[in-house]
Amino acid sequence: MKNDRSFTEELSSRQMLELDACTQCGECLKHCPVQDVTGNPSVSPPEKIRMFREFIRKTDGLKAKLFGSTEVDRKLLDDFTKAVYECTTCGACGQNCPVGIFTQRLWPTLRKEMVKRGLGPIGVQANLPKVVKNSGNPYEKPAADRYRPWFPEHVAVAAKADIAYYAGCTGAYEAHPMVRGDALVLGAINEPFTMLPPEDEVCCGFPLFITGQHDLLKELVDRLVEGYRARGVKTLVCSCPCCVNIMSRDWPALYGRELPFTIQHITQYVSHALREGRLKITKELNESVIYHDPCYLSRGVGVIEEPREVLRSIPGVTVLEFERHGLNSRCCGSGGAARKVYHENAIKMGRQTIDEAVAKKADRLILSCPACYAKVNEAMQGHDRQIRITDIMELVSGLIEEGKRDR
Amino acid sequence: MGTIIIIAVYGVYAAFWIRFFLHTLAWWRGRAEDMVAVLPKRPPLLKTWALTLRDVVLFWRLLKVNPALWFGEYLFHLTFLLVALRHLRYFLDPVPLWVWDLQLSGLIAGYVLPFSLVYIIAVRFFSEREKYSSTANVLLLALILAISSIGVLMHAFFKPNLVDVKYFALGLLSLAPAPLPTGVLFPLHLVLVLVLVALVPSHIVTAPLVMLEARRRELGLPQVMHEK
């Protein structure tokens with residue numbers, strides 16, 4: 001493939017430095033969930049960086065500058081594209097990188113370059129822009145079904161309020177118990193909250209961002225931010241870590257200025273309400289639960305303590321930890337939109353999470369991400385080890401005063 | 001032969017700086033906007049720099065993820081530095097006192113250096129946990145092992161004429177090259193060093209900068225969702 005386009009087009013100066021700084025030591029492979037299930041170093045982080053450096057040399061090296069860019073081997077480009085899309089973008093490699101490369105951000109950027117070259121994304125991911133444009137969500141589901149199947153009838157939604165709840169597409173269409181739990185808990189906290197009408201609560205942009213397809217992003221972000229601004233929102237609450245991540249990290253850049261509201265993960269909002277006594281968990285639960293940190297919540301935006309605070313506030317509960325937790329958590333397999341294409345990898349990773357939870361003798365595996373929730377539940381089908389999987393707000397909603405919950 | 005090596009020295013030296021210049025241009029040219037969360041305030045400067053200094057000087061991040069490899073890498077980099085400083089006596093006239101003071105530790109480091117490399121290679125190849133080795137890395141390790149082993153041989157058994165070596169080094173610096181010292185090992189040592197300079201990875205310059213950025217990012221993480 002002849003290269004008139006530089007491979008550095010989509011990279012920032014920081015990322016150019018990062019590509020150069022990789023020492024190829026291979027330490028990251030021990031923390032890579034894709035390596036755990038494939039054992040294939042050719043799709044590993046240092047190999048991806050090595051390949052991309054080759055590409056840059058072809059378009060920006062001394063030889064290219066003096067005599068013009070040379071062809072990049074098509075097979076190498078295809079191998080790279082496969083490797084960068086097989087990644088779950090969980091960022092564990094960067095967290096354990098002896099140099100500190102911000103890989104959770106680097107891989108999506110390299111994907112964007114592949115999209116610009118017409119090589120990415122892979123499989124069904126390629127339909128995302130069209131699907132999101134037409135239906136407002138990546139699942140091509142009607143807006144009328146966004147809230148109806150799960151939203152509790154007795155929970156009131158205000159037309160305008162300081163607090164807004166964004167359900168997110170994966171929760172709304174694929175993880176009903178989770179978003180129903182969110183709504184029940186929000187309803188039990190004595191503070192009005194608002195929501196956008198289902199046809200206006202469009203995709204947050206994360207699936208497009210993570211697959212490197214950025215064209216629609218600004219339009220989606222502007223639409224959502226303006227919608228919440230019109231409702232006088234001061235705090236936007238969301239339970240999906242991927243949504244929360246793009247909202248807090250990228251929405252300001254896409255919107256072009258500071259957001260008119262702050263973003264909170266639902267565990268932050270609920271732990272605050274528990275501390276202030278606005279929400280009380282009255283029922284006991286004599287169980288050992290193990291909490292899985294979603295990559296984009298822990299490593300992504302640093303929300304680690306609040307989910308544990310919520311769980312510890314449940315009378316009778318013992319909170320167990322995975323070997324790898326907090327900033328060092330292991331991906332459950334659903335990250336980076338890879339689950340849609342590399343389904344088998346995702347199932348194996350999900351089963352590793354289940355196996356460890358069972359080995360730790362947990363009664364329940366607690367999740368706080370709709371993608372994790374959908375995929376780990378799927379991974380448990382047909383698996384020889386079984387554990388009860390519950391979303392954190394699904395759990396809390398079942399333990400608060402019934403009068404408050406069903407008010 | 002001597003003339004060819006002298007020309008190669010200047011060629012490699014020039015190529016090193018051209019390469020460095022091109023890399024700097026490439027870093028500078030990174031044109032995309034950095035879509036990383038805009039933090040309300042920068043993390044504390046002193047803390048950021050102090051932690052980065054620890055990361056750079058002690059290889060702290062490597063220590064956290066692989067203490068066994070850290071031991072070898074730290075020993076290698078430390079002994080390499082001491083050996084390089086010890087070699088300054090050939091390039092400086094008069095030789096500063098601090099370079100004289102480092103001679104003994106540099107000498108000991110010269111003997112330890114090959115063993116540290118053998119240790120690293122052993123950890124990388126024989127540890128079941130190590131899954132990846134790049135060809136470039138292995139070549140580099142083998143090259144430095146060869147250079148350091150020849151250095152040890154020259155010190156212990158086949159001593160070159162050190163006066164000739166110093167004349168040669170000073171001649172190179174003053175652009176008035178003296179004849180290449182006779183023997184086999186010294187020219188071989190020098191040629192391998194030239195290959196090393198040509199292959200030296202640019203991460204020796206960029207890694208500290210990335211470590212600084214990583215510390216900034218880590219210290220700023222609480223601000224993304226907590227401290228607004």
Side-chain angles (χ1 to χ4, degrees), chain A residues 6 8-31 35 39 41 44-47 50 56 60-62 65 94 96-102 105 109 112 209 244-245 248-250 252-254 258 262-265 268 299-303 327, chain B residues 15 18-19 22-23 25-38 40 52 55 59-66 69-70 73 124 129-138 140 201-215 217-218 220-226 228:
Chain A
S6 164
T8 63
E9 289 282 334
E10 301 301 332
L11 296 165
S12 66
S13 291
R14 181 182 55 78
Q15 289 172 323
M16 292 293 292
L17 282 172
E18 287 182 335
L19 285 174
D20 239 356
C22 173
T23 65
Q24 302 277 292
C25 67
E27 282 306 306
C28 48
L29 271 76
K30 297 171 201 161
H31 306 270
Q35 290 302 309
S44 66
E47 190 58 14
R50 190 196 64 76
I56 292 179
D60 291 74
L62 180 60
K65 290 293 166 212
N96 292 284
C97 171
V99 177
I101 298 172
F102 191 15
R105 201 32 77 123
T109 309
K112 191 178 173 192
F209 172 83
V244 161
N245 194 287
S248 54
R249 282 197 176 274
D250 304 295
L254 291 161
E258 202 180 337
T262 55
I263 311 293
Q264 284 201 353
H265 186 252
Q268 292 184 287
R299 274 191 288 282
V301 292
V303 175
L327 286 172
Chain B
I18 290 170
R19 187 172 152 228
L22 284 175
H23 271 263
L25 266 186
W27 305 326
W28 196 260
R29 210 175 37 226
R31 49 205 112 185
E33 258 186 70
D34 209 348
M35 275 179 44
V36 172
V38 182
T52 306
D55 292 341
F59 296 3
W60 195 256
R61 289 175 178 274
L62 181 60
L63 174 63
K64 273 170 38 189
V65 294
N66 191 341
L69 185 63
W70 172 86
E73 290 284 356
R124 295 189 69 88
R129 293 189 67 221
E130 304 297 325
K131 299 174 180 173
Y132 181 89
S133 262
S134 75
T135 319
N137 252 358
V138 176
L140 215 54
S202 46
H203 71 241
I204 58 167
V205 181
T206 51
L209 298 171
V210 173
M211 286 178 186
L212 173 65
E213 202 49 47
R215 277 296 167 198
R217 187 174 65 249
E218 285 162 10
L221 187 62
Q223 288 184 47
V224 178
M225 295 285 292
H226 291 84
K228 278 182 182 166

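Just so it is clear, the structure is predicted and the values come from calculations on it, not from any experiment.
- Interface remark: A:Gln268 contributes side-chain atoms only to the contact with chain B (heavy atom separation under 4.5 Å).
- Distance alone, capped at 3.5 Å, is enough to place a donor-acceptor pair between the B:Asn137 side chain and the A:Gln24 backbone.
- Interface check for chain B: of the options A:Pro46, A:Ser44, A:Pro41, the most heavy-atom pairs under 4.5 Å are formed by A:Pro46.
- Using a 4.5 Å cut-off between heavy atoms, A:Cys97 touches chain B through its backbone atoms (N, CA, C, O) alone.
- Heavy-atom pairs under 4.5 Å with chain B peak, among A:Ile101, A:Thr109, A:Thr23, A:Ile56, at A:Thr23.
- In terms of heavy-atom pairs under 4.5 angstrom with chain A, the leader among B:Leu62, B:Leu212, B:Leu209, B:Thr206 is B:Thr206.
- Both tests do not hold together for A:Arg14 against A:Phe102: distance to the six-membered ring centre under 6.0 Å, angle to the ring axis within 45°.
- For the pair B:Gln223 (side chain) and B:Gly220 (backbone), a donor-acceptor distance under 3.5 Å is absent.
- Side chain of B:Arg124 to main chain of B:Val138: no donor-acceptor pair is present (N/O by atom type, distance under 3.5 Å, no hydrogens or angles).
- Take B:Glu73 and apply the salt bridge (Lys or Arg N to Asp or Glu O under 4.0 Å) test, not counting sequence neighbours, and it matches no residue.
- Considering only heavy-atom pairs separated by less than 4.5 Å from chain B, the leading option among A:Glu47, A:His265, A:Gln35 is A:Glu47.
- By the salt bridge (Lys or Arg N to Asp or Glu O under 4.0 Å) test, A:Arg299 is found to be paired with no residue, residues two or more places apart in sequence or in another chain being considered.
- Counting heavy-atom pairs closer than 4.5 Å to chain A, the top residue among B:Arg215, B:Arg19, B:Glu218, B:His23 is B:His23.
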